[in-house]
Amino acid sequence: MFVDRARLLPHSRILAPRLIGAVLVSDVGGHEVAVRLTEVEAYEGTDDPASHAFRGPTPRTAVMFGPPGHLYCYFTYGMHWCANVVCGPDGAASAVLLRAGTIVRGVEHAFARRPAARHERDLARGPARLATCLALGRDTDGADLCDPSAPVRLESLPSRRRPGVASGPRVGISVAIERPWRYWSAGDPTVSSYKAGGRTRRRADPAD
DNA sequence: AGGACGATTAACT
DNA sequence: GTTAATCGTCCTC
C-alpha cells in the first residue's frame, strides 16, 4: 500500500491539513518504525519568507523544487535533522514539515534511537525527534515516498481533512509569523506548545 | 575568507 | 523560566 504522487498536489497548504492522520513508515537500518502524524507545517516557495526556498534554489533546497512525493531533509542547529514531504508540482517549491506524531509500529526501535525519551508520547514530539525515531537525515534526503520499495514511504493519506484539525502560527520562525500554516490534531499530547522564533543567541551589543 | 544564524533539544534554575 | 551545544548554509565583504 502506498500513496499516489498525484495526491500530493497542488501545494503544501492544501496537503498539510490532510497529512494529519497520515502514516509514514521507515525501514532505514533494517528496523520498521511507523508514525501517525499529529502536527505539520506548510512552507511555500519564493513567496514565503519563512521557507528555505524563499531565496530560490540552492544545493540544499534542490529537492524542494523538484517533483512531489520526495523527502526534503535538512540539518539545523549543528546537530538536528528535520524532514518534509515535498508536495508541489515539479519546479515549484512547496513542502510540509513533519513536526510531531505517534509511533504506531516499532516503538522499541524508536526508544533505542531516542534514549532521552522516557514516555512514548515524547518519542516523536518535535520535528527533530520525529526524524530521529525514523532515522531520517542525510541518507534519506530526496527519498521517494511514493515508491513502494523505497526505505521511507507514505503508507496512507486521508482523502479528506479530518474533523478536529486545528491551525495556527508556525513554530520557531521569526518572519511571516502571521500566516496560520501550522496544522495539528486538536488536544493531542504530542503537539508542540507555540513558541515564537527569534534569535537564540544575543547579537553583539555595541555598548559592551 | 569570515561571520551570523538557524523550521531544535536537553538540561538546567 | 534560561541557556549551551554545535556546524552547515548563505550572505557579505
Side-chain angles (χ1 to χ4, degrees), chain A residues 11-13 15-17 19-20 24 35 37-66 70-88 93-101 103 110-142 166-184 189-206 208:
Chain A
H11 57 73
S12 67
R13 289 189 59 204
L15 184 68
L19 273 168
I20 300 302
L24 186 73
V35 66
L37 301 175
T38 58
E39 182 188 8
V40 301
E41 283 173 354
Y43 285 89
E44 291 293 333
T46 50
D47 55 348
D48 178 5
S51 172
H52 289 169
F54 182 56
R55 295 171 198 280
T58 66
R60 178 176 68 147
T61 61
V63 175
M64 268 187 89
F65 287 86
H70 292 258
L71 204 60
Y72 163 52
C73 300
Y74 67 90
F75 184 63
T76 191
Y77 289 100
M79 63 196 94
H80 301 301
W81 286 90
C82 298
N84 298 248
V85 174
V86 173
C87 55
S94 188
V96 178
L97 173 68
L98 309 179
R99 286 202 59 89
I103 303 299
F111 269 114
R113 289 169 175 161
R114 293 256 309 113
R118 301 195 198 181
H119 308 285
E120 200 168 320
R121 68 177 173 277
D122 293 329
L123 284 172
R125 179 171 139 192
R129 291 165 166 184
L130 186 156
T132 298
C133 285
L134 272 63
L136 307 179
R138 180 180 281 118
D139 295 344
T140 59
D141 187 31
S167 66
R170 294 175 288 185
V171 173
I173 57 170
S174 51
V175 292
I177 59 176
E178 75 287 355
R179 303 185 190 189
W181 292 356
R182 179 167 62 118
Y183 300 87
W184 66 90
T190 62
V191 173
S192 320
S193 51
Y194 176 72
K195 200 175 190 180
R199 299 185 172 81
T200 54
R201 202 172 170 187
R202 205 179 0 146
R203 201 189 278 251
D205 187 337
D208 286 345

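Letters A, B, ... are given to chains in the order of the sequence lines, protein chains preceding strands, and every chain is numbered from 1. Keep in mind the model is a prediction, meaning the values are calculated, not measured.
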request  = For A:I173, answer base if it contacts any base atom (sugar-phosphate contacts may also be present), sugar-phosphate if it contacts only those atoms, and nothing otherwise; contact means non-hydrogen atoms under 4.0 Å.
outcome  = sugar-phosphate
inquiry  = Output the rounded distance in Å from CG (A:L123) to C1' (B:dA10).
reply    = 15 Å
Base-pairing mate for B:dA7 - Watson-Crick or G-U, with both contacts under 3.5 Å = none
query = Given C:dC10, B:dA7, C:dG8, which nucleotide is nearest the side-chain atoms of A:N84?
reply = B:dA7
note = Rounded to whole Å, NZ of A:K195 lies from P of B:dG6 at a distance of 13 Å
request  = Whole angstrom is fine here: how far is it from OH in A:Y194 over to C1' in B:dT8?
outcome  = 15 Å
ask   = Between A:Y43 and A:R118, which has a closest nucleotide on DNA chain B that is more 5'?
value = A:Y43
query = Does A:H52 make a side-chain N or O approach to OP1 or OP2 of B:dA7 shorter than 4.0 Å?
reply = yes
message = Can you tell me which nucleotide in B:dT8, C:dC10, B:dA7 comes closest to the side chain of A:L97?
response = B:dA7
request  = Rounded off to whole Å, could you give me the CZ-to-P distance for the A:F75 and B:dT9 pair?
outcome  = 13 Å
key: Salt bridge flag under 4.0 Å for residues A:D48 and A:R13   = no
message = Between A:N84 (side chain only) and A:Y72 (backbone N and O only), is there a donor and an acceptor less than 3.5 Å apart?
response = yes
ask   = Across all strands shown, which nucleotide pairs with C:dT6 by Watson-Crick or G-U wobble geometry, both distances under 3.5 Å?
value = none
A:Y74 (side chain) and B:dA7 (base): donor-acceptor pair under 3.5 Å = yes
ask   = Any idea which of B:dT9, C:dC11, C:dG8 is nearest the A:A128 side chain?
value = B:dT9
request  = Would you mind classifying the nucleic acid contact of A:R114 as base, sugar-phosphate or nothing, using non-hydrogen atoms under 4.0 angstrom?
outcome  = sugar-phosphate
ask   = Looking at C:dC10, B:dA7, B:dG6, which one has an atom nearest to any side-chain atom of A:T61?
value = C:dC10
query = Do side-chain atoms of A:R113 reach the backbone of A:C133 as a donor and acceptor pair under 3.5 angstrom?
reply = yes
ask   = Which nucleotide, B:dA10, C:dC10, B:dT8, lies nearest any side-chain atom of A:R99?
value = B:dT8
task = Figure out the CH2/P separation between A:W81 and B:dG6, and round it to whole Å.
result = 19 Å
task = Give A:R60 one of three labels, base, sugar-phosphate or nothing, depending on what nucleic acid heavy atoms sit under 4.0 Å from its own.
result = sugar-phosphate
inquiry  = Just the rounded figure in Å: distance from P of C:dT9 to CE of A:M79.
reply    = 15 Å
query = Counting side-chain heavy atoms from CB outward, which of B:dA10, B:dA7, C:dC10 is closest to A:P59?
reply = C:dC10
ask   = Between C:dC10 and A:T58, is there an OP1 or OP2 to side-chain N/O distance shorter than 4.0 Å?
value = yes
ask   = For the pair made of CG in A:D122 and P in B:dT8, what is the distance, rounded to whole Å?
value = 17 Å
inquiry  = So if I take every side-chain heavy atom of A:Y77 and compare against B:dA7, B:dT9, B:dG6, which nucleotide ends up nearest?
reply    = B:dG6
task = Please determine if A:R138 and A:D141 form a salt bridge, counting it only when a charged side-chain N lies under 4.0 Å from a carboxylate O.
result = no
key: Backbone N/O of A:G88 and side chain of A:H11: donor-acceptor pair under 3.5 Å   = no
query = Checking A:S94 side chain against A:C87 main chain: does a donor-acceptor pair fall under 3.5 Å?
reply = no
ask   = A:R179 CZ to B:dA7 P: how many Å, rounded?
value = 15 Å
message = Is there a side-chain contact between A:R129 and the phosphate of B:dA10, meaning an N or O under 4.0 Å from OP1 or OP2?
response = yes
ask   = Want to settle it: does A:R138 or A:H80 sit nearer the 5' end of DNA chain C, counting the closest nucleotide to each?
value = A:H80
